[in-house]
K.L.:
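Can you read through this structure? Questions will come right after.
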Amino acid sequence: MSIHANLLLQEKEKCYAPPSMLLQWHITERCNLRCTHCYQDNYARNELNFEDLLKILAQFKTLLATLSKRRGKRLHAHITVTGGEPFARHDFLDLLEVFVAHRSLFSFAILTNGTFIDIAMAQRLRQLAPCFVQVSIEGITATHDSIRGEGNFAQTITAIKNLRREQIRTFISFTAHRKNCHEFPKVVQLGRQLKVNRIWSDRLIPWGSGVQLREQLMTPAETKAFFEIMKKYRDKWTWFNHTEIAMHRALQFLVGDGQPYHCTAGDTLLTVQPNGDLYPCRRMPIRVGNLLETPLLQLYDTSPLLQKLRHPEQVSEGCQNCFYAKVCRGGLKCLSYAVTGDPFKTDPGCWL
Ligand SMILES: C[S@@+](CC[C@H](N)C(=O)[O-])C[C@H]1O[C@@H](n2cnc3c(N)ncnc32)[C@H](O)[C@@H]1O
Ligand code: SF4
Ligand code: SF4
């Protein structure tokens with residue numbers, strides 16, 4: 001194999017392995033949609049200019065270099081870039097070009113609502129070669145459109161087809177709650193017809209507009225039943241039907257008999273907001289600091305919240321006697337935070 005082909009293969013393999021440092025970067029809060037479950041309810045707050053985005057990228061590189069040195073091995077790093085709707089920024093593709101130039105340091109992926117992905121954009125994305133592009137499907141047409149807006153289901157399907165035609169790895173994200181969880185099998189069927197590479201699902205977190213859907217949060221019994229449906233469809237996967245059902249979110253391993261999972265927020269997941277604020281996770285909106293005021297490495301090292309989140313012995317209140325305490329550590333911390341005001345309390349959806 002040529003050196004070039006070998007390098008490409010190594011990069012592709014990096015896309016499949018879980019990163020040891022993931023930066024989720026929300027570059028804008030602007031969006032052309034107004035989904036009923038959205039964790040935002042403001043779509044016009046300050047966002048950084050391109051120069052400031054580059055400053056943040058430089059800080060991320062410093063963090064990677066420092067942690068790699070401390071650990072004596074190079075970190076496998078990844079950036080998922082999102083919003084809001086990332087394509088709503090006119091300089092989004094310029095930022096992706098910068099990421100391409102850094103491919104040896106980190107891989108990258110895009111989370112989008114898909115509405116900007118016509119044939120030409122899919123061709124452009126193919127050249128940029130992200131690890132994957134994720135779009136969102138919330139159920140069958142009527143359910144999806146009632147959440148994302150009339151006609152959006154058809155638009156999203158078109159985006160998926162455009163992406164798959166260009167052989168771009170395409171994921172579907174399904175945000176589960178009482179109104180749509182029973183439609184997951186239909187989404188799996190659709191995803192398999194469209195040959196998407198992966199479907200994954202996490203639970204609704206009641207922030208922003210999503211607060212209105214608080215009543216739709218699944219009970220512990222409903223959560224378990226939903227994960228069992230996921231497992232049933234995951235187990236129907238075969239190598240020739242392309243679509244993997246991923247079950248590596250909080251509590252899913254309890255029914256999925258997969259790798260034990262604990263929430264990575266603040267540990268191997270850090271999130272930057274459009275104005276440069278640092279959160280452990282977008283769904284755990286606790287401001288650790290702002291990167292235009294304090295460098296990322298300093299916040300990573302000194303924030304008591306990040307230190308607590310990544311402490312290997314940290315186990316949430318109410319979970320101490322659980323058999324899975326050491327591997328699960330409390331489930332979905334952002335849900336605990338949204339529901340109880342404390343991320344270090346047992347996942348409200350846990351049935352154990
Ligand atoms: C905020 S979006 C950003 C990308 C793009 N705008 C989209 O909607 O796909 C990323 C993912 O988070 C999901 N999401 C939005 N609000 C949520 C909430 N309150 N709880 C859980 N997931 C949410 C979206 O459905 C989407 O799959
Ligand atoms: S969920 Fe995504 S597409 Fe929907 S309003 Fe929020 S940011 Fe926009
Ligand atoms: S009781 Fe706590 S540690 Fe045990 S599975 Fe539930 S959330 Fe995880």
Side-chain angles (χ1 to χ4, degrees), residues 24-43 80-89 109-117 133-139 144 147-149 152 155-156 159-160 171-177 180 187 199-214 216-218 220 223-224 227 249-255 260-263 271 273-274 281-285 314-336 338 343-352:
Q24 180 138 329
W25 198 347
H26 296 259
I27 57 171
T28 185
E29 286 192 336
R30 280 184 279 153
C31 188
N32 53 331
L33 302 185
R34 291 291 180 273
C35 304
T36 54
H37 71 303
C38 185
Y39 46 50
Q40 288 182 207
D41 53 11
N42 185 325
Y43 294 86
T80 42
V81 61
T82 185
E85 176 45 48
F87 284 94
R89 268 191 82 128
I110 302 164
L111 315 185
T112 167
N113 64 31
T115 50
F116 291 79
I117 305 181
V133 175
Q134 175 189 293
V135 298
S136 308
I137 298 269
E138 316 294 351
H144 178 99
I147 294 170
R148 289 194 162 253
N152 183 261
Q155 277 185 302
T156 310
I160 294 175
F171 293 0
I172 286 177
S173 159
F174 177 89
T175 301
H177 45 77
N180 69 349
V187 174
I199 302 173
W200 72 283
S201 176
D202 213 344
R203 290 168 278 163
L204 169 78
I205 310 297
W207 295 123
S209 308
V211 169
Q212 318 285 344
L213 295 183
R214 211 183 157 94
Q216 302 304 330
L217 288 176
M218 294 182 289
T223 303
K224 181 170 186 257
F227 292 167
R249 301 295 300 160
L251 305 188
Q252 295 181 353
F253 75 94
L254 293 175
V255 302
Y261 173 92
H262 65 84
C263 166
T271 298
Q273 282 289 93
C281 169
R282 176 63 185 83
R283 296 165 198 204
M284 195 196 289
Q314 181 279 318
V315 171
S316 291
E317 194 186 320
C319 294
Q320 288 87 351
N321 296 326
C322 173
F323 179 76
Y324 299 104
K326 282 206 164 116
V327 289
C328 171
R329 300 189 194 168
L332 201 54
K333 291 198 168 59
C334 53
L335 185 60
S336 304
F344 300 104
K345 288 216 163 107
T346 305
D347 184 329
C350 183
W351 57 92
L352 286 189

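Start at 1 and go down the list; that is how both ligands and their atoms are numbered.
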K.L.:
Side chains of Thr156 and Ile137: closer than 4.5 Å at any heavy-atom pair?
P.N.:
yes

K.L.:
Side chains of Gln40 and Arg282, heavy atoms from C-beta outward: is any pair under 4.5 Å?
P.N.:
yes

K.L.:
At a 4.0 Å threshold, what atoms of ligand 2 neighbour a non-hydrogen atom of Gly84?
P.N.:
7 (S)

K.L.:
Has Tyr39 got any heavy atom lying under 4.0 angstrom from an atom of ligand 2?
P.N.:
no

K.L.:
Does Arg34 reach the side chain of Tyr43, with side-chain heavy atoms less than 4.5 Å apart?
P.N.:
yes

K.L.:
Using 2.8 Å as a strict upper limit, say whether an N, O or S atom of Cys328 approaches atom 2 (Fe) of ligand 3 that closely.
P.N.:
no

K.L.:
Report the member of Thr156, Leu213, Asn113 with the shortest heavy-atom distance to atom 5 (C) of ligand 1.
P.N.:
Asn113

K.L.:
Can a non-hydrogen atom of Gly210 be found less than 4.0 Å from any atom of ligand 1?
P.N.:
no

K.L.:
Note the single closest protein heavy atom to atom 4 (Fe) of ligand 3, along with its residue, its atom name and the distance in Å.
P.N.:
Cys322 SG, 2.3 Å

K.L.:
What residue and atom, counting heavy atoms only, is the protein's closest point to atom 2 (Fe) of ligand 3, and at what distance?
P.N.:
Cys319 SG, 2.3 Å

K.L.:
Can you check whether Thr175 has an N/O within less than 3.5 Å of an N/O in ligand 1?
P.N.:
yes

K.L.:
Please indicate whether any nitrogen or oxygen in Thr82 is less than 3.5 Å from any nitrogen or oxygen in ligand 1.
P.N.:
no

K.L.:
Just go through Glu138, His37, His177 and tell me whose heavy atom is the nearest to atom 15 (C) of ligand 1.
P.N.:
His37

K.L.:
Measuring from the heavy atoms of Cys38, does anything fall under 4.0 Å of ligand 1?
P.N.:
yes

K.L.:
Ignoring waters, how many protein N/O/S atoms are under 2.8 Å from atom 4 (Fe) of ligand 2?
P.N.:
1

K.L.:
Measuring from atom NE2 of His144 to atom CD of Gln155, what distance do you get when rounded to the nearest 0.5 angstrom?
P.N.:
8.5 Å

K.L.:
Just to verify, which of Thr115, Asn32, Thr28, Thr112 counts as forming a side-chain hydrogen bond (donor to acceptor under 3.5 Å, both in side chains) with Glu85?
P.N.:
Thr112

K.L.:
If the cut-off is 4.0 Å to any non-hydrogen atom of Tyr43, which atoms of ligand 2 fall inside it?
P.N.:
5 (S)

K.L.:
Check whether any heavy atom of Gly330 sits under 4.0 Å from an atom of ligand 3.
P.N.:
yes

K.L.:
May I ask whether Arg203 places a heavy atom under 4.0 Å from ligand 1?
P.N.:
yes

K.L.:
Quick check: do Ser201 and Phe227 have side-chain heavy atoms less than 4.5 Å from each other?
P.N.:
no

K.L.:
May I ask whether Arg282 places a heavy atom under 4.0 Å from ligand 1?
P.N.:
no

K.L.:
Quick check on contacts: which atoms of ligand 3 are under 4.0 angstrom from a heavy atom of Leu352?
P.N.:
5 (S)

K.L.:
So is Gly84 in contact with ligand 1, going by heavy-atom distances below 4.0 Å?
P.N.:
yes

K.L.:
For ligand 1, find out whether one of its N or O atoms is nearer than 3.5 Å to an N or O atom of Ile205.
P.N.:
yes

K.L.:
Using heavy-atom distances, let me know which of Gln134, Arg148, Gln24 sits nearest atom 24 (C) of ligand 1.
P.N.:
Arg148

K.L.:
Do Val255 and Trp351 touch side chain to side chain, with heavy atoms closer than 4.5 Å?
P.N.:
yes

K.L.:
Report the distance from atom CZ of Phe87 to atom OG1 of Thr82, rounding to the nearest 0.5 Å.
P.N.:
10.0 Å

K.L.:
Pairing donors with acceptors under 3.5 angstrom, does anything connect the side chains of Asn152 and Asn113?
P.N.:
no

K.L.:
Please confirm whether Gly83 comes under 4.0 Å of ligand 2, counting heavy atoms of the residue only.
P.N.:
no

K.L.:
Nearest protein heavy-atom contact for atom 6 (Fe) of ligand 3: which residue, which atom, what distance?
P.N.:
Cys350 SG, 2.3 Å

